[in-house]
Amino acid sequence: MSATRASRDDTPLIRVRGLANRFGAHSVHQELDLDLYPGEILGVVGGSGTGKSVLLRSIVGLLRPSAGQIEVFGEDLLGLSAGDRSRVERRFGVLFQRGALFTSLTLQENVALPLIEHIGLSRTDAEALARVKLALAGLPGEAAIKYPAELSGGMIKRAALARALALDPEVLFLDEPTAGLDPIGAAAFDRLILTLRDALGLSVFLVTHDLDTLYTACDRVAVLSRGRVLVADRLDVVAATDDDWIHDYFHGPRGRAAHEAAHPVEEP
Amino acid sequence: MTEPGHIDQQDGRLAIAGDWTLVHYAALKRQVERLAKAREPSPEGVDLDGLAALDTAGAVLLMELVGAGPLAAIDDWAPDLPESRRALLRTLGEAMADNRPPEVRPVRPLRDTLARTGQLVEGLWQQQRQLLGFIGQVLATLAVTAWRPSRWRLTSVVAQLHQTGLNALPIVALLTFLVGAVVAFLGATVLRDFGATIYTVNLVAFAFLREFGVLLAAILLAGRTASAFTAQLGAMKANEELDAVRTLGLDPIELLVLPRVLAMMLTLPILTFVGMLSGMLGGALVCLLALDISLFQFVAILQRDIPLEHFLVGLSKAPIFAFLVAVIGCLEGFKVSGSAQSVGEHTTSSVVQSIFVVILLDAVAALFFMEMGW
């Protein structure tokens, strides 16, 4: 990726140290360390059940980890009071796996809700802004007054992205954004994320299974395995790491196909 | 640097300055709207050099000032702006260039009211038709499976019996006990003037055996179980589980509705019986404490004055109420469509409908039994 902005000198926006999550006797994370640098798109991959979504939920504050430290914008998230926490969390935008749009509200009301509640805009202003966010997410104008039940999966993802962007967040969390989309829709969504990252200066924490997304959109890739981050680096470095799971993941038939699609000239 | 966004007007030029961000949106919006009245949106004379911070909200206001098309072509008229700013403005301009605001239907009060009334009546009619159709389907399925014991879902029925019957027992007993005490108090107060307080026993027994035992139990189950059925089946419908049942070649009515209906038809008579006993116990307690009628005397009067048929009249209504409450609860669950709001609407509707049906039918039955002299 030519757009790699992250360099090691930057201070990370999000610094996770020694994170542990246990559910009863079952341990999901132990001693997990991870950084998210400003302006980068970090892809988080791992087999099913390695706790990718749990990691995302601990960082955005939906789940209190059993142990460890999460520093966000230089503040210790777990040590903050509820009010300060809410202020920090307002700088996050989260796209949930199945959209999680409010089904009783139209799309523009969905996006306008945080603008009305947090910024105190009037309903008209908030909905006008909401329509722009929906357009930025690539939805046609007439979709604004539709209800989520009337939309296809791809449109729901886009609308949910528009809601995640409502408050102009600095960090965007995406939980499997391309899952359930057709390949064309998924590729368009990858491009959309890149465009928005460049235009809005976002940092993106992207949980995915989609190899094409890793190759086209991500600056760095973190691999979760056995409760820890096995490796977090540029994709070629990660792919070359000596680990059975990583080898199967990146050099299996699907991994090879995605790599060839992203780097057609490199093939002998 | 952190100066609120504003527009400086000098010699017909518009100098954009300060932070154009969401926090200053309201103030900026007023200024932009005032300017928009005086001039057509165009980039002419707009000077972006003083721009400090910019986010999408600020970019939207700039778009109102210069128009979407020119914003997409920002590179031509403001090449000195940092690339990240231009990227934002360009992306926004491109996204909004051929974006039309949705058409909002005008509100016509009279027509809309008439249309809504029509929809409501049509909806009510359809609801009754659907209910009758569904009752037919359930009865047909029942008739088919009744002869094939291998297709009886005993486990399911027992689980439902546990949930709808055993778990509801305490609340039914408590409620009927309290109402029994209240009826006895009422009777004692009214009958005292005639010196006939001893008839309080007859009043309580009559009321609970014929009406209150079954009515209170049925209304409680309508609130407690019909709503649960609707929510359970509604959540399954929303999660496409009902479709999955069908594609697996199974019949949702046989699999999900019949066990619930049968469990209810077994449960309600038992709960009715408990309700009758518990109500009369409440009455007996009041008789003992307020009227000095001993328990022994209470039972003796019951034995002497109250024939068995009152008990049978009350109990005979229970399976019918149970069938209707369960069927309404299940049907409303099947009618749920995707959204959370729809689950709420149908749960409400199922409780209201089933209570309404129970009371209506009870009134009709009271008339019928009276005319028959039972």
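All of these numbers come straight from a predicted model, not from anything done at the bench. Numbers restart at 1 for each chain; the letters A, B, ... are given by sequence-line order, proteins then strands. Below, all heavy atoms of this structure are taken into account, side chains as well, without hydrogens, waters or symmetry copies.
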Interface moiety of [X] toward chain B, non-hydrogen atoms closer than 4.5 Å:
X	value
A/K146	neither
A/L167	both
A/L136	both

Starting from the C-alpha separation in whole Å, work towards a yes-or-no answer on side chain to side chain contact (heavy atoms under 4.5 Å, CB included) for A/L200 and B/T56. CA-CA 8 Å; A/L200 307 177; B/T56 38; 3.4 Å; yes
List the atom of [X], the atom of [Y], and the distance in Å for their closest heavy-atom pair.
X	Y	value
A/D198	B/A87	O-CB, 4.1 Å
B/T91	A/A199	OG1-CB, 3.5 Å
B/A95	A/A135	CB-O, 3.5 Å

With rounding to the nearest 0.5 Å, note down the distance linking [atom1] in [X] to [atom2] in [Y].
X	Y	atom1	atom2	value
A/L121	B/Y25	CG	OH	6.5 Å
B/D55	A/E170	CG	CD	10.5 Å
A/Y147	B/Q341	OH	CD	7.5 Å
B/E345	A/S104	CD	OG	10.0 Å

More than 12 heavy atoms from other groups under 6.0 Å of [atom1] on [X]:
X	atom1	result
B/F356	CZ	no
A/R98	CZ	no
B/E240	CD	no
A/I184	CD1	no

Taking the side chain as C-beta and beyond, is there a heavy-atom pair between B/L22 and A/L129 under 4.5 Å? yes
Among B/V60, B/V23, B/T21, the residue with the most heavy-atom pairs under 4.5 Å to chain A is B/V60
